[in-house]
Amino acid sequence: MSKKKERYALLNVTDRTGIVEFAYALTELGYRLISSGGTAAALKQAELDVIALKDAVPASDLLEGRLDMLHPRILGGITADRDNPGQMRDLERHGGLPVDLVAVNLYPLASATSDNKDMAQAEVLDYVDLAGSALLRAAARNFRHVVTLCDPADYQGIIGSLKQYDRVLPERRQMLAAKAFHYTAYYDTT
């Protein structure tokens, strides 16, 4: 009897609409949750088991945690080609976790700047979400193996697909990847 591989979901959202319910559904489907910051706190408060980023990557406190999501163990786990044995060996050798689903949305840059026209440049730059954009792009680039979510409105459909088929069909993953690329492009133009 073969052992079912562990599945990992990285959840790091600013808009927490539906994230707790989504996380519960993922854990019921056998996913292990990876998170940090406010998302991790919300999930832990809901009594969900969460792999804290500080436990998954060394030096997660570097630059006040601004780089924790960009650690090679995380990015490698998102970008690794599951069909390439060499990449999977590299990932395992370096302690990376093969991330199967990424749910990320970005700091509300547009609303923050429109709500406060007198915001100093340094404050505006603090809203530029470096890690979130990189995670979404990495997941979208590897859509053949990773479900990419940037919109809470997509959570239920993904749960439905996972419950029914135990996977998300390639066409749907590609559509979600395109949505993430459009989302990050819009964010960048803001």
Side-chain angles (χ1 to χ4, degrees), residues 6-79 95-112 123 125-143 146-159 162 168 173 176-177 179-181 183-184 186-188 190:
E6 284 193 300
R7 297 191 291 185
Y8 293 91
L10 186 144
L11 310 177
N12 193 48
V13 295
T14 300
D15 178 355
R16 293 192 183 85
T17 304
I19 196 64
V20 170
E21 296 81 6
F22 183 56
Y24 270 119
L26 287 172
T27 58
E28 288 173 2
L29 291 165
Y31 281 81
R32 296 196 59 204
L33 308 176
I34 306 167
S35 193
S36 72
T39 305
L43 299 177
K44 286 178 182 179
Q45 184 176 352
E47 299 182 3
L48 284 156
D49 187 28
V50 177
I51 299 170
L53 217 40
K54 66 182 174 70
D55 298 330
V57 300
S60 65
D61 60 346
L62 182 65
L63 300 180
E64 299 172 340
R66 289 182 182 204
L67 300 178
D68 57 359
M69 289 287 185
L70 299 177
H71 193 281
R73 286 185 181 171
I74 301 300
L75 275 178
I78 294 169
T79 60
L97 302 173
V99 177
D100 302 289
L101 183 145
V102 171
V104 171
N105 50 60
L106 307 174
Y107 299 144
L109 181 61
S111 64
E123 290 176 287
L125 291 174
D126 275 342
Y127 276 95
V128 175
D129 194 334
L130 174 69
S133 292
L135 294 171
L136 283 172
R137 287 183 177 105
R141 181 178 180 269
N142 197 17
F143 73 87
V146 179
V147 176
T148 311
L149 297 165
C150 60
D151 183 352
D154 294 319
Y155 296 167
Q156 284 304 88
I158 293 306
I159 293 301
L162 290 170
V168 177
R173 288 195 312 265
L176 291 167
K179 186 174 185 175
F181 280 130
Y183 176 67
T184 58
Y186 170 76
Y187 190 81
D188 288 344
T190 303

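What you see is a predicted model, and the numbers here were worked out from it, not measured in a lab.
Side-chain atoms of Asp49 and Thr27, non-hydrogen and from C-beta on, never get closer than 4.5 Å to each other. Counting only heavy atoms from C-beta outward, the side chains of Thr14 and Val104 never approach each other to under 4.5 Å. Contact annotation: the side chain of Ile51 approaches that of Tyr8 to within less than 4.5 Å [non-hydrogen atoms, C-beta and beyond]. Within the 4.5 Å cutoff, the side chain of Val102 has no heavy atoms near those of the Val147 side chain. A 4.5 Å side-chain heavy-atom check between Thr148 and Arg173 finds every atom pair outside the cut-off. Residues Thr39 and Val50 have side chains not in contact (no heavy-atom distance under 4.5 Å, counting atoms from C-beta outward). Counting heavy atoms from C-beta outward, Leu11 and Ile34 have side chains that stay 4.5 Å or more apart.
Put simply, the side chain of Arg141 never gets that close to the backbone of Leu136: no donor and acceptor are under 3.5 Å apart. Within the 3.5 Å criterion, the main-chain N or O of Ala46 finds a donor-acceptor partner in the side chain of Tyr24. Of the possible polar contacts, none joining the Asn105 side chain to the Asp151 backbone as a donor-acceptor pair under 3.5 Å is found.
What you find for Val146 and Val99 is that their closest heavy atoms are CG2-O, 3.4 Å. Between Gly18 and Tyr155, the shortest heavy-atom contact is O-CD1, 3.9 Å. Here the closest heavy-atom approach between residue Ala140 and residue Ala180 is recorded as CB-CB, 4.3 Å. Looking at every heavy atom in both residues, Leu26 comes nearest to Ala9 through CD1-CB, 3.9 Å. Shown here for Ala103 and Val13, the closest heavy-atom pair between the two residues is O-CG1, 3.5 Å. Closest non-hydrogen pair, Leu106 versus Ser133, comes out as CD2-N, 3.4 Å.
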What do the steps show when you test Leu135 against Ile74 for side-chain contact (heavy atoms from CB on, under 4.5 Å), and what is the final call? CA-CA 9 Å; Leu135 294 171; Ile74 301 300; 4.1 Å; yes
Please lay out, stage by stage, how Ser35 and Leu10 fare under the test side-chain contact (heavy atoms from CB on, under 4.5 Å). CA-CA 6 Å; Ser35 193; Leu10 186 144; over 6 Å; no
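Here Asp188 contributes atom CG and Tyr183 contributes atom OH; the two are 11.0 Å apart, rounded to the nearest 0.5 Å. Interatomic distance, CG of Leu149 versus CD1 of Ile19, reported as 8.5 Å (0.5 Å rounding).
The pair Asp100-Arg32 does not count as a salt bridge, with every side-chain nitrogen at least 4.0 angstrom from each carboxylate oxygen. A salt bridge links Asp154 to Lys179: at least one charged side-chain nitrogen sits closer than 4.0 Å to a carboxylate oxygen.
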